[in-house]
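Just so it is clear, the structure is predicted and the values come from calculations on it, not from any experiment. Residue numbers begin at 1 in each chain, while the letters A, B, ... track the order of the sequences.
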Number of protein chains: 2
Amino acid sequence: MSNGHEKKTRLRDPERTRKRLLQAAFREVHRSGFQNAGINTILEATNVTKGALYHHFDSKEALGYAVVDEIVTKIVRDGWLSPLLGSGQPIDILIGIVRRISVRPDDIRTGCPLLNLATEMSPVDEQFRKRLERIFLAWQEGVAALLRRGQSEGTVRCDLNPEESASFLVAMVEGYASLAKNAQDAQVWEVGIRNIVGWLRSLRAPRQSPKGGRPMSKKHVVRRAR
Amino acid sequence: MSNGHEKKTRLRDPERTRKRLLQAAFREVHRSGFQNAGINTILEATNVTKGALYHHFDSKEALGYAVVDEIVTKIVRDGWLSPLLGSGQPIDILIGIVRRISVRPDDIRTGCPLLNLATEMSPVDEQFRKRLERIFLAWQEGVAALLRRGQSEGTVRCDLNPEESASFLVAMVEGYASLAKNAQDAQVWEVGIRNIVGWLRSLRAPRQSPKGGRPMSKKHVVRRAR
DNA sequence: CATTTGACATACCGACCAGTATGTACGTTA
DNA sequence: TAACGTACATACTGGTCGGTATGTCAAATG
């Protein structure tokens, strides 16, 4: 009579309730920051009661940690880590990813959730900090791995340090996102994208001219070592 | 009998009281963010009473605005705008400024006050946003003006857009500051500095070799226009 | 000297907030 | 069907918050 997943999922669907709470919590935290996020706001947005929320999460902190672990992590995975694994020339992949970052006014307005949380919580709550750091490191490592692949394939300059170039990229993306958020202006972001893309192009290995090209030695490329 | 500025400044020195409130408010806001900053914390830090505070400032917001206008503005002026006006080669000046940015653990930990406030308040309070934007724009314009000077003197590549290069620099500085703050690690910041300095060096005009140097055309330099 | 005004001090208020105590109803299991 | 644990719902608490009403006292002003 009752197959596993009926639409009787109206009442008593704990997994669904939990996910809805997480989503609403993410939105509220993204809007107001974690410390300023209101439990009641989340409850009103979901039509869930306080008892239900505290049944699923031990505390506001636990809810916040779950938002980082499950929602923010997924956003970075979908937006960066997964695309990084695609086939094609590494630099082209990176340019494609950067260009595909949302320019919707509301996303410009509220900014990068990872950066927002890190800015607010890293100095204050070590558990938050560690979780966010793991995401940042995974992001950088993913980019670095792709650059290394490009180096071994000969499409990326071999005189650069993949890890440092990766963090350079992350810093630029977050820096421009901050400027655009403050200006509340998508154009600021678009200018940033153009400059980031220009920098990414400079990472390409110089064309192997048949007669033996010169090394083009002096340009800025985040070199290896000190 | 009473020269203007005696040391009787113990009781009833409204200007001093005001400045002390502003300083304490800045510290508290820097630590906790504006919305989470506690009025009582500021009062305890200054041994000033609530009545005194609300005599000098109409509201918490007014206090916050004053902090931005008087303290944060001064920090950027002292750290960037004034040094930008010095004599010497523009790129050397910029490198000197960037290198002189604090690496004290506590400053890494709490991050850039301008960026913190912008991240927290820009989407939420237009008055805050505008004040912070003015500071960002003054910062960028100061750098751009210096780059233009360098171009006219021939020490800075003339094929770059000064405004875009300036915002590129600001974005990188703030981006790395964010990464270092999340990592709570001054080394992250120092690596960032090295890379920023490397990029700054790439903005120098190529040496005018006596026989007519080649233009070194392909490196990334935030070019003019689109 | 009398009065007023600026610079505080104290006590208090209502709103809001995270968290909890307690109750209830569904659904599975024995 | 009886019992029990999960999944909620409601009402409440203690504490903190920004803000205010009111009072005091010193110094300038007439």
Side-chain angles (χ1 to χ4, degrees), chain A residues 1-25 28-29 31-67 120-121 124-125 127-128, chain B residues 1-25 28-29 31-67 120-121 124-125 127-128:
Chain A
M1 191 61 76
S2 72
N3 69 23
H5 295 274
E6 272 293 316
K7 74 168 161 197
K8 213 224 278 252
T9 30
R10 292 281 161 64
L11 249 43
R12 300 276 155 151
D13 186 341
E15 290 198 18
R16 188 176 121 90
T17 303
R18 206 189 105 98
K19 296 240 151 143
R20 286 178 57 230
L21 282 171
L22 277 178
Q23 274 299 336
E28 167 68 359
V29 167
R31 256 201 295 278
S32 312
F34 175 76
Q35 309 189 71
N36 209 255
I39 294 285
N40 290 326
T41 308
I42 297 168
L43 299 178
E44 283 161 22
T46 50
N47 283 320
V48 167
T49 61
K50 203 168 273 195
L53 189 152
Y54 279 95
H55 170 73
H56 287 282
F57 302 96
D58 286 346
S59 64
K60 190 188 177 187
E61 280 72 35
L63 175 59
Y65 300 153
V67 165
E120 179 191 4
M121 299 306 294
V124 164
D125 184 308
Q127 297 219 58
F128 259 108
Chain B
M1 191 59 75
S2 73
N3 71 23
H5 296 275
E6 273 292 316
K7 76 170 159 194
K8 208 219 278 232
T9 29
R10 293 278 161 66
L11 248 45
R12 301 273 152 154
D13 186 340
E15 291 199 17
R16 190 176 119 89
T17 303
R18 207 190 105 97
K19 295 241 150 136
R20 287 177 55 230
L21 282 171
L22 277 177
Q23 274 300 334
E28 167 69 358
V29 168
R31 256 200 295 279
S32 313
F34 175 76
Q35 310 189 70
N36 207 254
I39 294 283
N40 290 326
T41 308
I42 297 169
L43 299 178
E44 283 161 23
T46 49
N47 282 319
V48 166
T49 60
K50 203 169 273 195
L53 189 152
Y54 279 94
H55 172 71
H56 288 282
F57 302 96
D58 287 346
S59 64
K60 190 188 178 188
E61 280 72 35
L63 175 60
Y65 300 154
V67 165
E120 179 190 3
M121 300 306 294
V124 163
D125 183 309
Q127 297 220 58
F128 259 108

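OP1 and OP2 of dG6(C) both lie 4.0 Å or more from every side-chain N or O belonging to H56(B). Phosphate proximity of dC8(D) to T17(A): present, with a side-chain N or O under 4.0 Å from OP1 or OP2. Residue H55(A) places none of its side-chain N or O atoms closer than 4.0 Å to OP1 or OP2 of dA9(D).
When each of Q23(B), R18(B), R16(B) is paired with R20(B), the side-chain contact (heavy atoms from CB on, under 4.5 Å) condition holds for R16(B) and for no other.
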Could you run down the sub-3.5 Å N/O contacts of the protein with nucleotides 14-18 of chain D?
unit_1: dG18(D); atom_1: OP1; unit_2: A37(B); atom_2: O; d: 2.7
unit_1: dG18(D); atom_1: OP1; unit_2: I39(B); atom_2: N; d: 3.4
unit_1: dG18(D); atom_1: OP1; unit_2: K60(B); atom_2: NZ; d: 3.3
unit_1: dG18(D); atom_1: OP2; unit_2: I39(B); atom_2: N; d: 3.0
unit_1: dG18(D); atom_1: N7; unit_2: K50(B); atom_2: NZ; d: 3.3

inquiry  = For I42(B) and V29(B): C-alpha separation, side-chain torsions, deciding distance, then whether side-chain contact (heavy atoms from CB on, under 4.5 Å) applies.
reply    = CA-CA 9 Å; I42(B) 297 169; V29(B) 168; 5.6 Å; no
query = Please walk me through it: do T17(A) and H55(A) pass side-chain contact (heavy atoms from CB on, under 4.5 Å)?
reply = CA-CA 11 Å; T17(A) 303; H55(A) 170 73; over 6 Å; no
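Residue R20(A) contributes atom CZ, which lies 13 Å from atom C1' of dC8(D) at whole-angstrom precision. dC8(C) atom P lies 16 Å from atom CD1 of I42(B), rounded to whole Å. Summarising the geometry, the separation between CZ on R16(A) and C1' on dC8(D) is reported as 15 Å, rounded to the nearest angstrom. Following rounding to the nearest Å, L53(A) (CG) and dT6(D) (P) show an atom-to-atom distance of 18 Å. As a whole-Å value, the separation of L43(B) CG from dA11(C) P is 15 Å.
Cation-pi geometry between K60(A) and Y54(A) is not met: the NZ or CZ atom fails to fall both under 6.0 Å from the ring centre and inside 45° of the normal.
The side-chain heavy atoms of F57(B) and L22(B), taken from C-beta on, include a pair separated by under 4.5 Å.
Checking D58(A) against Y65(A) by side-chain atom types alone, no donor-acceptor pair falls below 3.5 Å.
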